[in-house]
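The structure appears right after this line, and notes come after that.
These numbers come from the heavy atoms of this one structure, side chains and all, not from hydrogens, waters or symmetry mates.
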Amino acid sequence: MESNFSYLEKDKKYKDIQTACIEAEKSFAVSYSSAALQIRKALEIAVKWTYSHDGDLKIPYQDNLSSLIHNFDFREILDEKLFPKIKFIIKLGNIAAHTTTPITRDKALESLKNLFDFISWIDFSYSKDINQTPFNKNLIFDGDFFEKKTKKIMESLFREEKDFENQSKGLENQLKPIKEREFYSNLRKSNLKSRHFKCDDISEFKTRKLYIDLDIEICGWKIGSDCIEEVELDKMPTSSGKGYADYVLYSDNGKPLAVIEAKRTSVDAKKGKIQAKLYADCLEKQYNTRPLIFFTNGFETWFWDDTEYPERIVSGFFTKDELEWIFYRQKNKKPISKVEINNNITDRPYQKKAIQSVCDTFERGQRKALLVMATGSGKTRTAVSISDVLIKNGWVKNILFLADRRELVKQAKKSFSNLLPDMSICNLLDKSDDPKSRMIFSTYPTMMNAIDETKGINGKRIFTPGHFDLIIVDEAHRSLYKKYQDIFTYFDGFLLGLTATPKDDIDKNTYSVFDVENKVPTFAYELEEAVNEGYLVSYNSIETKMKFMDEGIHYDELSDEEKELWEETFDDGVTDISGEALNSFLFNDDTVDTVIKNLMEKGIKVSGGDETGKTIIFAKNTKHADFILKRFNHLYPHFKGKKAAESIYNGIKYVDEVIEKFSEKTVFHVLLYQLTCLTQE
């Protein structure tokens, strides 16, 4: 049977992609929900194919579909018109698999057309000859039926999805040899220079009926019920005095919550701004309440609360609860230009200045703030106090706290829980915690995954774009660039960054992320100031110099006995090893022993000088940490392998217990950390 994907037969490397795409096309004869699911499945196979073949693509923190398409490397090489089409496929597939909402033929057909466009881009990028045949919807055969999702159908779809997840191979195992991946990445670049990829625009009607309708429905609105299309309005500046709002979203009491102006995908969404405002003016006169404003082209959506803020780009529409909360906040929030700060949380003058600086910033209409405070000065406590002030004055309800280490998440949760005992709190890394809590703690990758996968009892997403009112970013100089940037473009809350060491590099600039001038954060409290005021103490460094580690090892400088050992160890022609190489690759007993002895003899003493104070040793990797621990136990066997030193890194069971014990006064004087497991405060 002829298929839109028959042309892929020309090249064996597309065999798996072609099989999946043809199966998706055939699924229209089963049901539109099944087709939507099969299309998403084919998309995942195609995306993973791209990663396995293209040398410019690095696998992100996890290899599920959402992580792969949002990866910065992938977005860099993908034609920009394709990304919204890919997201449409994923959204429709999710609705098919996880909700009772029926899928229409038009939406399923659009999803298949989007898959066709993405496969065409793959062919354009990685083939010498490209397919010029357009998508033919007449090739799609399906039955004439009314789709209704019964419990049995839902169970079948769920099994279908789980079967694919179980069969799906890990992406690491699919990677082609390096030379082959380099060949395809170079071919893509060459093809991009020599020809132009064409991607069809979508009509205004299709934009509304497919893309925008889908986004509205995902947020829980029911078109024809609390979301009305083509709402007629009077007193518009037209010859007839009438106008028609594309969509109006209503509260349960019949009052308009928001108006949506839709443009076709090829038109800049911002061109609908004035039109949307005029509709809002008319609705305000009619209902004596001013609705919020959205304007969109289906790919890009803008939100405008024109009573308080300029328009800003958002990742999607808001739910009814979220819009009603914005109205409630408008009417009930209190000024925060002068706030009462709880001394039980923060009682130091500089902390209070930091809190007031953030409040002043938000009061002025800015939505981002950056605190630069020395390590040990109480950044977390300050963040707790800011949260307390904003909650009590009606500015925020739901809060997200992000960190790039599990232990930082756990420490922060403990601090907030102790200082704000009435706040419902959830650590997303703990499956027993409730994600419907008011405050969520998470690492970046866990949050990225939770956006798509965490759902309530009704099957709807919990973490929608308007869910969080405040996002706190711990160690804001790390991790928030490129790789996890989508978290901050997805959620529409106030953004508060905490760091002791901001970056001002061109490609990694902490200041620009928080919309402040270079080297001029919202508030700064540096180490020198903290030392001068007596809140922190300065540090002294003790340097241990070793010739080999500084200068390397050179064959000509060795004794005859050492040269003989060298020749037994290294290949012919190796005459020198740099100090850097020694530090990176060799675990030398004498070197490690020297460092440990220096620590135990010259380190800070406690308990009247009888014991070494708490110490963290940073190791290069897990093997290095274990090697150091082995040498420590060899040098000090009388400690019996406990209450003196312990290594810690990801993969160790009950790793949190080790950190917890280290915080106690009498357990573990020395903690060996893998370098990627840094922790502060």
Shortest non-hydrogen contact between Leu37 and Gly93, atoms and distance: CD1-O, 3.8 Å
CA sep, side-chain torsions, deciding dist, call: Phe141, Phe28, ring pair (Phe, Tyr, Trp, His ring centres under 6.0 Å): CA-CA 7 Å; Phe141 172 79; Phe28 276 74; over 10 Å; no
Phe463/Phe468 aromatic ring centres below 6.0 Å: yes
Close side-chain approach of Asp404 and Thr443, heavy atoms under 4.5 Å: no
Heavy atoms of other groups near Lys189 NZ, more than 12 under 6.0 Å: yes
Reference residue His53; test ring pair (Phe, Tyr, Trp, His ring centres under 6.0 Å); the match among Tyr126, Phe183, Tyr184: Tyr184
Side chain Asp215, main chain Gly316, donor-acceptor under 3.5 Å: no
Asp106-Thr104 side chain donor-acceptor pair, cut-off 3.5 Å: no
From CA spacing to verdict: side chain to side chain contact (heavy atoms under 4.5 Å, CB included), Leu65, Leu43: CA-CA 8 Å; Leu65 182 55; Leu43 172 68; 4.0 Å; yes
Interatomic distance, Phe83 atom CZ to Ile69 atom CD1 [nearest 0.5 angstrom]: 4.5 Å
Derivation of the side-chain hydrogen bond (donor to acceptor under 3.5 Å, both in side chains) call for Tyr7 and Asp123: CA-CA 10 Å; Tyr7 74 92; Asp123 185 47; 4.8 Å; no
Minimum heavy-atom distance between Ala20 and Ile45, given as atom pair plus value: CB-CD1, 3.6 Å
Side chain proximity check, Ile487 to Tyr444, heavy atoms < 4.5 angstrom: yes
Minimal non-hydrogen separation, Leu428 against Pro435, with atom names: CD2-CB, 4.2 Å
Minimum-distance pair of heavy atoms, taken over all atoms of Ala403 and Asp474: CB-CB, 4.1 Å
Any donor-acceptor pair under 3.5 Å from Ser52 side chain to Leu175 backbone: no
For His467, the option from Ile462, Ile451, Asp492 that meets side chain to side chain contact (heavy atoms under 4.5 Å, CB included): Ile462
Worked check of salt bridge (charged side-chain N to carboxylate O under 4.0 Å, His left out) between Lys107 and Glu217: CA-CA 13 Å; Lys107 286 177 181 174; Glu217 290 166 353; 2.8 Å; yes
Salt bridge (charged side-chain N to carboxylate O under 4.0 Å, His left out) between Asp79 and Lys81, intermediate numbers included: CA-CA 6 Å; Asp79 186 280; Lys81 288 185 178 180; over 6 Å; no
Test item: Lys198 and Phe124 side chains (from C-beta on) under 4.5 Å apart, heavy atoms: no
More than 12 heavy atoms from other groups under 6.0 Å of NZ on Lys10: yes
Separation of Ser125 OG from Asn191 CG (nearest 0.5 Å): 7.0 Å
Donor-acceptor contact present, side-chain Ser6 to main-chain Glu2, <3.5 Å: no
Nearest heavy-atom neighbours spanning Ile95 and Thr101: CG2-CB, 4.0 Å
From Thr446 atom OG1 to Leu429 atom CG, the distance as rounded to the nearest 0.5 Å: 4.0 Å
Sidechain-backbone polar pair: Ser127 side chain, Ile130 backbone, donor-acceptor under 3.5 Å: no
Check: Phe491 and Pro465 side chains under 4.5 Å, non-hydrogen atoms: no
Side chain to side chain, Leu402 and Ile472, heavy atoms closer than 4.5 Å: no
Main-chain N/O of Glu182 paired to Asn186 side chain as donor or acceptor, under 3.5 Å: yes
Test item: side-chain donor near acceptor, Arg40 and Asn94, under 3.5 Å: yes
Asn297 side-chain N/O to Asp268 backbone N/O, donor-acceptor pair under 3.5 Å: no
Separation between CG of Asp73 and CG of Asp54, rounded to the nearest 0.5 Å: 9.5 Å
Contact summary for Trp121 and Arg188, nearest pair of heavy atoms: CZ2-CD, 4.4 Å
Lys137 NZ: over 12 foreign heavy atoms closer than 6.0 Å: no
Side chain Gln18, main chain Phe5, donor-acceptor under 3.5 Å: yes
Spacing of Arg367 atom CZ and Phe494 atom CZ [to the nearest 0.5 Å]: 5.0 Å
Polar side-chain atom of Arg181 near backbone of Leu57 as donor-acceptor pair, under 3.5 Å: yes
pair Glu300-Lys263: side-chain heavy atoms closer than 4.5 Å: no
Side chain proximity check, Glu110 to Tyr211, heavy atoms < 4.5 angstrom: yes
Note, Phe401 side chain near Ser442 side chain (heavy atom, < 4.5 Å): no
Side-chain donor-acceptor pair present, Thr499, Glu475, cut-off under 3.5 Å: no
Audit row: Asn64, Ser67, side-chain hydrogen bond (donor to acceptor under 3.5 Å, both in side chains) steps and yes/no: CA-CA 6 Å; Asn64 63 28; Ser67 304; 2.6 Å; yes
Derivation of the salt bridge (charged side-chain N to carboxylate O under 4.0 Å, His left out) call for Lys519 and Asp504: CA-CA 8 Å; Lys519 299 186 184 301; Asp504 58 0; 2.5 Å; yes
Separation between SG of Cys21 and CD1 of Ile119, rounded to the nearest 0.5 Å: 4.0 Å
Ser34 side-chain N/O to Val30 backbone N/O, donor-acceptor pair under 3.5 Å: no
N/O donor-acceptor pair under 3.5 Å between Asn4 side chain and Asn136 backbone: yes
Parallel, tilted or perpendicular, as decided by the 30° and 60° cut-offs, for the rings of Tyr14 and Trp49: tilted
